[in-house]
Amino acid sequence: MTTVTDEATGRTVDAGGIRTHYHDLGSGDPVLLLHGSGPGVSAWANWRLTIPALAQQYRVLAPDIVGFGHTERSADVRYSLATWIDHIWAFMDALGIERASVVGNSLGGRISLGMASAHPERLARMVLMGVPGVGMTPTEGLRALREYEPSLENMRQLLLGCFAVDPTIITDDLVRIRHEASIAPGAFEAYRDMFFSPRHAGSQLAIEADEVVTITTPTLLVHGREDKVVPVDVAWNMVRLLPDADLAVFARCGHWTQIERADDFSDLVRRFLARPSSTRS
(Lines give C-alpha, C1' and ligand atoms only; values in the text may rest on other atoms or scores of the structure.)
Protein backbone atom coordinates (compact mmCIF):
# COMPACT_ATOMS: atom_id res chain seq x y z
CA MET A 1 0.00 0.00 0.00
CA THR A 2 1.32 3.45 -0.92
CA THR A 3 2.51 5.49 2.04
CA VAL A 4 0.60 8.75 2.02
CA THR A 5 3.39 11.31 2.21
CA ASP A 6 4.39 14.31 0.15
CA GLU A 7 7.25 12.40 -1.48
CA ALA A 8 5.44 9.09 -2.00
CA THR A 9 2.47 10.60 -3.84
CA GLY A 10 4.38 13.31 -5.72
CA ARG A 11 4.58 13.24 -9.52
CA THR A 12 5.62 15.62 -12.32
CA VAL A 13 3.98 16.23 -15.70
CA ASP A 14 4.35 18.75 -18.51
CA ALA A 15 1.13 20.79 -18.50
CA GLY A 16 1.06 23.22 -21.40
CA GLY A 17 4.84 23.65 -21.28
CA ILE A 18 4.94 24.07 -17.48
CA ARG A 19 6.70 21.37 -15.46
CA THR A 20 3.94 20.74 -12.95
CA HIS A 21 4.26 18.98 -9.61
CA TYR A 22 1.18 17.17 -8.35
CA HIS A 23 -0.06 14.40 -6.06
CA ASP A 24 -1.90 11.36 -7.37
CA LEU A 25 -3.55 8.79 -5.12
CA GLY A 26 -6.44 6.37 -5.33
CA SER A 27 -8.59 5.13 -8.20
CA GLY A 28 -12.03 5.79 -9.58
CA ASP A 29 -13.64 8.99 -10.82
CA PRO A 30 -11.11 11.86 -10.83
CA VAL A 31 -11.33 14.61 -8.22
CA LEU A 32 -9.09 17.69 -8.53
CA LEU A 33 -8.01 19.51 -5.37
CA LEU A 34 -7.01 23.13 -6.03
CA HIS A 35 -5.17 24.95 -3.25
CA GLY A 36 -5.33 28.58 -2.11
CA SER A 37 -2.80 31.40 -2.42
CA GLY A 38 -1.27 32.01 1.01
CA PRO A 39 2.51 32.32 1.41
CA GLY A 40 4.22 28.94 1.55
CA VAL A 41 1.16 27.19 0.14
CA SER A 42 1.29 24.01 -1.90
CA ALA A 43 -1.10 21.22 -2.77
CA TRP A 44 0.32 19.08 0.03
CA ALA A 45 0.16 21.88 2.62
CA ASN A 46 -3.52 22.48 1.83
CA TRP A 47 -4.69 18.94 1.23
CA ARG A 48 -2.48 16.53 3.19
CA LEU A 49 -5.44 15.43 5.34
CA THR A 50 -7.98 15.42 2.49
CA ILE A 51 -5.99 13.42 -0.07
CA PRO A 52 -5.99 10.06 1.78
CA ALA A 53 -9.59 10.51 2.94
CA LEU A 54 -10.99 11.03 -0.57
CA ALA A 55 -8.60 8.52 -2.19
CA GLN A 56 -10.54 5.70 -0.52
CA GLN A 57 -13.19 6.19 -3.23
CA TYR A 58 -11.71 8.44 -5.92
CA ARG A 59 -8.60 9.14 -7.91
CA VAL A 60 -7.40 12.30 -6.18
CA LEU A 61 -5.19 14.73 -8.11
CA ALA A 62 -3.74 17.76 -6.35
CA PRO A 63 -1.49 20.00 -8.50
CA ASP A 64 0.77 22.81 -7.37
CA ILE A 65 -0.77 25.64 -9.39
CA VAL A 66 1.76 27.62 -11.42
CA GLY A 67 3.55 30.12 -9.19
CA PHE A 68 3.24 27.91 -6.10
CA GLY A 69 4.79 24.85 -4.52
CA HIS A 70 7.20 22.75 -6.57
CA THR A 71 5.77 23.64 -9.97
CA GLU A 72 8.08 25.45 -12.38
CA ARG A 73 8.12 29.24 -12.14
CA SER A 74 9.02 30.47 -15.58
CA ALA A 75 10.15 34.09 -15.88
CA ASP A 76 7.78 34.67 -18.81
CA VAL A 77 4.58 33.62 -17.01
CA ARG A 78 2.07 36.42 -16.41
CA TYR A 79 0.11 35.48 -13.31
CA SER A 80 -3.62 36.01 -13.66
CA LEU A 81 -6.88 34.15 -13.18
CA ALA A 82 -6.85 33.23 -16.87
CA THR A 83 -3.30 31.84 -16.55
CA TRP A 84 -4.25 29.70 -13.56
CA ILE A 85 -7.41 28.40 -15.26
CA ASP A 86 -5.48 27.56 -18.43
CA HIS A 87 -2.87 25.75 -16.35
CA ILE A 88 -5.48 23.47 -14.78
CA TRP A 89 -7.07 22.69 -18.15
CA ALA A 90 -3.60 21.84 -19.49
CA PHE A 91 -2.95 19.68 -16.42
CA MET A 92 -6.16 17.74 -17.02
CA ASP A 93 -5.34 17.34 -20.71
CA ALA A 94 -1.82 16.13 -19.94
CA LEU A 95 -3.26 13.34 -17.80
CA GLY A 96 -6.01 12.52 -20.28
CA ILE A 97 -8.82 13.63 -17.95
CA GLU A 98 -11.82 14.83 -19.93
CA ARG A 99 -14.16 15.40 -16.97
CA ALA A 100 -13.66 15.65 -13.22
CA SER A 101 -15.10 16.98 -10.00
CA VAL A 102 -13.15 19.82 -8.42
CA VAL A 103 -12.61 20.93 -4.82
CA GLY A 104 -11.23 24.47 -4.59
CA ASN A 105 -9.92 26.30 -1.53
CA SER A 106 -9.99 30.13 -1.71
CA LEU A 107 -8.07 30.98 -4.92
CA GLY A 108 -8.60 27.38 -6.01
CA GLY A 109 -12.33 27.91 -5.63
CA ARG A 110 -12.22 31.04 -7.76
CA ILE A 111 -10.34 29.07 -10.42
CA SER A 112 -13.06 26.40 -10.19
CA LEU A 113 -15.78 28.99 -10.79
CA GLY A 114 -13.96 30.21 -13.89
CA MET A 115 -13.66 26.65 -15.17
CA ALA A 116 -17.35 25.94 -14.58
CA SER A 117 -18.30 29.15 -16.36
CA ALA A 118 -16.19 28.42 -19.42
CA HIS A 119 -16.57 24.65 -19.84
CA PRO A 120 -19.33 23.23 -17.63
CA GLU A 121 -19.29 19.98 -19.60
CA ARG A 122 -15.86 19.17 -18.13
CA LEU A 123 -16.89 19.50 -14.46
CA ALA A 124 -19.11 16.91 -12.79
CA ARG A 125 -19.40 18.61 -9.40
CA MET A 126 -17.74 21.47 -7.57
CA VAL A 127 -16.89 22.11 -3.92
CA LEU A 128 -16.00 25.72 -3.07
CA MET A 129 -14.31 26.22 0.29
CA GLY A 130 -13.71 29.75 1.60
CA VAL A 131 -14.04 31.05 -1.94
CA PRO A 132 -13.96 34.78 -2.80
CA GLY A 133 -17.13 35.71 -4.63
CA VAL A 134 -19.86 38.30 -5.01
CA GLY A 135 -19.65 40.91 -2.26
CA MET A 136 -16.00 40.20 -1.45
CA THR A 137 -14.11 43.26 -0.20
CA PRO A 138 -10.53 43.53 1.13
CA THR A 139 -10.28 42.15 4.66
CA GLU A 140 -7.61 42.48 7.32
CA GLY A 141 -6.90 38.78 6.90
CA LEU A 142 -6.38 39.08 3.15
CA ARG A 143 -4.16 42.14 3.59
CA ALA A 144 -2.04 40.24 6.13
CA LEU A 145 -1.56 37.39 3.64
CA ARG A 146 -0.49 39.71 0.85
CA GLU A 147 1.84 41.81 3.06
CA TYR A 148 3.66 38.84 4.56
CA GLU A 149 7.44 39.22 4.89
CA PRO A 150 9.31 35.93 5.36
CA SER A 151 10.37 34.94 8.86
CA LEU A 152 9.47 32.12 11.20
CA GLU A 153 7.74 34.46 13.63
CA ASN A 154 5.82 36.28 10.89
CA MET A 155 4.61 32.95 9.53
CA ARG A 156 3.53 31.82 12.99
CA GLN A 157 1.58 35.02 13.60
CA LEU A 158 0.01 34.88 10.14
CA LEU A 159 -1.23 31.31 10.61
CA LEU A 160 -2.48 32.01 14.13
CA GLY A 161 -4.13 35.30 13.24
CA CYS A 162 -5.68 34.55 9.86
CA PHE A 163 -6.27 30.85 9.35
CA ALA A 164 -7.26 29.05 12.52
CA VAL A 165 -9.63 29.44 15.43
CA ASP A 166 -7.99 26.52 17.24
CA PRO A 167 -4.35 27.55 17.91
CA THR A 168 -3.29 23.96 18.62
CA ILE A 169 -3.32 23.11 14.92
CA ILE A 170 -0.56 25.70 14.31
CA THR A 171 2.31 23.44 15.28
CA ASP A 172 6.01 24.25 15.12
CA ASP A 173 6.32 21.75 12.29
CA LEU A 174 3.57 23.43 10.26
CA VAL A 175 5.12 26.86 10.80
CA ARG A 176 8.53 25.55 9.74
CA ILE A 177 7.20 23.81 6.62
CA ARG A 178 5.23 26.86 5.47
CA HIS A 179 8.12 29.22 6.21
CA GLU A 180 10.63 27.08 4.33
CA ALA A 181 8.27 26.86 1.35
CA SER A 182 7.80 30.64 1.39
CA ILE A 183 11.57 31.19 1.03
CA ALA A 184 12.29 28.49 -1.55
CA PRO A 185 14.20 29.85 -4.56
CA GLY A 186 11.93 32.24 -6.43
CA ALA A 187 8.90 31.57 -4.21
CA PHE A 188 8.63 34.86 -2.36
CA GLU A 189 9.48 36.91 -5.44
CA ALA A 190 6.70 35.18 -7.41
CA TYR A 191 4.25 35.56 -4.54
CA ARG A 192 4.99 39.28 -4.17
CA ASP A 193 4.92 39.98 -7.90
CA MET A 194 1.73 38.12 -8.77
CA PHE A 195 -0.30 40.34 -6.44
CA PHE A 196 1.57 43.66 -6.58
CA SER A 197 3.48 43.97 -9.85
CA PRO A 198 1.63 45.85 -12.63
CA ARG A 199 2.85 43.15 -15.02
CA HIS A 200 0.68 40.57 -13.28
CA ALA A 201 -3.02 40.42 -12.38
CA GLY A 202 -3.16 37.96 -9.50
CA SER A 203 -5.31 40.25 -7.38
CA GLN A 204 -8.00 40.65 -10.04
CA LEU A 205 -10.33 37.88 -8.88
CA ALA A 206 -13.73 39.60 -8.79
CA ILE A 207 -16.76 37.80 -10.16
CA GLU A 208 -20.10 39.43 -10.99
CA ALA A 209 -23.55 38.16 -10.12
CA ASP A 210 -24.45 38.00 -13.83
CA GLU A 211 -21.78 35.35 -14.35
CA VAL A 212 -22.54 33.38 -11.17
CA VAL A 213 -26.20 32.84 -12.05
CA THR A 214 -25.16 31.09 -15.30
CA ILE A 215 -23.01 28.45 -13.52
CA THR A 216 -25.11 25.28 -13.40
CA THR A 217 -22.52 22.81 -12.06
CA PRO A 218 -23.88 21.09 -8.91
CA THR A 219 -22.03 22.90 -6.12
CA LEU A 220 -21.32 22.55 -2.42
CA LEU A 221 -20.13 25.69 -0.64
CA VAL A 222 -18.22 25.10 2.61
CA HIS A 223 -17.24 27.98 4.88
CA GLY A 224 -15.85 28.58 8.35
CA ARG A 225 -18.09 30.90 10.35
CA GLU A 226 -15.04 32.72 11.76
CA ASP A 227 -13.18 33.03 8.44
CA LYS A 228 -11.07 36.22 8.61
CA VAL A 229 -9.86 36.06 5.00
CA VAL A 230 -13.18 35.59 3.17
CA PRO A 231 -16.18 36.51 5.34
CA VAL A 232 -18.97 33.94 5.58
CA ASP A 233 -21.40 36.54 4.18
CA VAL A 234 -19.75 35.98 0.79
CA ALA A 235 -20.82 32.33 0.89
CA TRP A 236 -24.41 33.35 1.64
CA ASN A 237 -24.32 35.67 -1.38
CA MET A 238 -23.04 32.86 -3.59
CA VAL A 239 -25.52 30.20 -2.48
CA ARG A 240 -28.36 32.59 -3.28
CA LEU A 241 -27.01 33.16 -6.80
CA LEU A 242 -25.75 29.74 -7.90
CA PRO A 243 -28.64 27.81 -9.49
CA ASP A 244 -27.70 24.44 -7.96
CA ALA A 245 -25.84 24.95 -4.69
CA ASP A 246 -25.89 23.88 -1.05
CA LEU A 247 -24.03 25.62 1.80
CA ALA A 248 -22.45 24.14 4.92
CA VAL A 249 -21.12 26.51 7.59
CA PHE A 250 -18.76 25.17 10.27
CA ALA A 251 -18.84 26.90 13.66
CA ARG A 252 -15.63 27.76 15.54
CA CYS A 253 -13.72 27.43 12.28
CA GLY A 254 -11.67 29.82 10.17
CA HIS A 255 -10.34 29.72 6.60
CA TRP A 256 -9.04 26.15 6.86
CA THR A 257 -12.16 23.99 7.17
CA GLN A 258 -10.26 21.09 5.58
CA ILE A 259 -7.72 21.20 8.44
CA GLU A 260 -9.64 22.50 11.46
CA ARG A 261 -12.61 20.21 10.75
CA ALA A 262 -10.78 17.63 8.62
CA ASP A 263 -12.97 14.58 9.29
CA ASP A 264 -16.23 16.52 9.00
CA PHE A 265 -15.04 18.22 5.81
CA SER A 266 -13.93 15.00 4.10
CA ASP A 267 -17.12 13.17 5.09
CA LEU A 268 -19.26 16.01 3.76
CA VAL A 269 -17.36 16.14 0.47
CA ARG A 270 -17.50 12.35 0.00
CA ARG A 271 -21.26 12.31 0.49
CA PHE A 272 -21.74 15.23 -1.89
CA LEU A 273 -19.61 13.68 -4.62
CA ALA A 274 -21.43 10.35 -4.28
CA ARG A 275 -24.93 11.84 -4.38
CA PRO A 276 -26.87 10.62 -7.43
CA SER A 277 -27.39 13.38 -9.97
CA SER A 278 -31.07 12.54 -10.19
CA THR A 279 -31.62 13.83 -6.65
CA ARG A 280 -30.77 17.39 -7.69
CA SER A 281 -33.15 19.41 -9.85
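If you read the sequence from its start, that first residue is 1, and numbering goes on from there. Since the structure is predicted, the reported quantities are computational estimates derived from the model, not experimental observations.
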Quick one: pull up [atom1] in [X] and [atom2] in [Y] and give me the separation to the nearest 0.5 Å.
{"X": "Ser37", "Y": "Arg110", "atom1": "OG", "atom2": "CZ", "result": "12.5 Å"}
{"X": "Asp64", "Y": "His23", "atom1": "CG", "atom2": "NE2", "result": "5.5 Å"}
{"X": "Thr12", "Y": "Arg19", "atom1": "OG1", "atom2": "CZ", "result": "6.0 Å"}
{"X": "Ile51", "Y": "Thr9", "atom1": "CD1", "atom2": "OG1", "result": "5.5 Å"}
{"X": "His87", "Y": "Leu34", "atom1": "NE2", "atom2": "CG", "result": "10.5 Å"}
{"X": "Leu128", "Y": "Leu220", "atom1": "CG", "atom2": "CG", "result": "8.0 Å"}

Decide yes or no for [X] and [Y]: does some side-chain heavy atom of the first lie under 4.5 Å from some side-chain heavy atom of the second?
{"X": "Pro63", "Y": "Thr71", "answer": "no"}
{"X": "Trp256", "Y": "Ile169", "answer": "yes"}
{"X": "Trp47", "Y": "Val60", "answer": "no"}
{"X": "Leu95", "Y": "Val13", "answer": "yes"}
{"X": "Ile259", "Y": "Arg48", "answer": "yes"}
{"X": "Ile215", "Y": "Met115", "answer": "no"}
{"X": "Arg252", "Y": "Arg225", "answer": "yes"}
{"X": "Val249", "Y": "Leu221", "answer": "no"}

Contact summary for [X] and [Y], nearest pair of heavy atoms:
{"X": "Gly69", "Y": "Arg73", "result": "O-NH2, 3.0 Å"}
{"X": "Gly130", "Y": "Asp227", "result": "CA-OD2, 4.1 Å"}
{"X": "Asn105", "Y": "Gln258", "result": "OD1-NE2, 3.7 Å"}
{"X": "Glu208", "Y": "Val134", "result": "C-CG2, 4.0 Å"}
{"X": "Leu32", "Y": "Ala100", "result": "CG-CB, 4.2 Å"}
{"X": "Gly114", "Y": "Ile85", "result": "CA-CD1, 3.7 Å"}

For the residue pair [X] and [Y], does the interplanar ring angle fall in the parallel (under 30°), tilted (30 to 60°) or perpendicular (over 60°) class?
{"X": "Phe91", "Y": "Tyr22", "answer": "perpendicular"}
{"X": "Phe68", "Y": "His35", "answer": "perpendicular"}
{"X": "His21", "Y": "His70", "answer": "perpendicular"}

### Message
Could you check whether atom CG of Asp29 has more than 12 heavy atoms from other residues, nucleotides or ligands sitting under 6.0 Å from it?
### Response
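Count not over threshold, so no.
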
### Task
Please indicate whether Asp263 has more than 12 foreign heavy atoms, meaning atoms of other residues, nucleotides or ligands, lying under 6.0 Å from its CG.
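Open.
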
Output yes when a side-chain donor or acceptor of [X] lies under 3.5 Å from a complementary backbone atom of [Y], and no otherwise.
{"X": "Asn154", "Y": "Glu149", "value": "yes"}
{"X": "Trp84", "Y": "Ile111", "value": "no"}
{"X": "Thr83", "Y": "Arg78", "value": "yes"}
{"X": "Glu260", "Y": "Asp166", "value": "yes"}
{"X": "His255", "Y": "Val229", "value": "no"}
{"X": "Arg156", "Y": "Thr171", "value": "no"}
{"X": "Ser197", "Y": "Met194", "value": "no"}

For the hydrophobic clusters of this structure (ILVMFWY residues joined by side-chain heavy atoms under 4.5 Å, transitively), does one cluster hold both [X] and [Y]?
{"X": "Met129", "Y": "Val269", "value": "yes"}
{"X": "Val66", "Y": "Leu81", "value": "yes"}
{"X": "Leu205", "Y": "Leu241", "value": "yes"}

### Query
Can you list the steps and then say if Arg122 with Glu98 is a side chain to side chain contact (heavy atoms under 4.5 Å, CB included)?
CA-CA 6 Å; Arg122 298 196 66 178; Glu98 182 58 33; 3.9 Å; yes

Are [X] and [Y] within salt-bridge range, i.e. N to O under 4.0 Å?
{"X": "Arg125", "Y": "Asp244", "answer": "no"}
{"X": "Arg199", "Y": "Asp193", "answer": "no"}
{"X": "Asp172", "Y": "Arg176", "answer": "no"}

### Message
Quick one, Leu113 with Val212, criterion side chain to side chain contact (heavy atoms under 4.5 Å, CB included). Give me CA distance, side-chain angles, the key distance, then yes/no.
### Response
CA-CA 8 Å; Leu113 284 165; Val212 175; 5.7 Å; no

### Stepwise side chain to side chain contact (heavy atoms under 4.5 Å, CB included) test for Asp246 and Val239
CA-CA 6 Å; Asp246 296 333; Val239 79; 5.8 Å; no

#### Entry: Candidate pair Leu142 and Met136, rule side chain to side chain contact (heavy atoms under 4.5 Å, CB included), full reasoning
CA-CA 11 Å; Leu142 185 60; Met136 178 69 186; 4.0 Å; yes

### Query
Ring centres of Trp89 and His119 under 6.0 Å apart?
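Yes; His119 has its ring centre under 6.0 Å from that of Trp89.
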
Let me have the donor-acceptor pairs involving side chains of residues 183-192, under 3.5 Å, with sequence neighbours excluded, atom names and distances please.
from: Tyr191; atom 1: OH; to: Leu145; atom 2: O; distance (Å): 2.7
from: Tyr191; atom 1: OH; to: Arg146; atom 2: NH1; distance (Å): 3.3

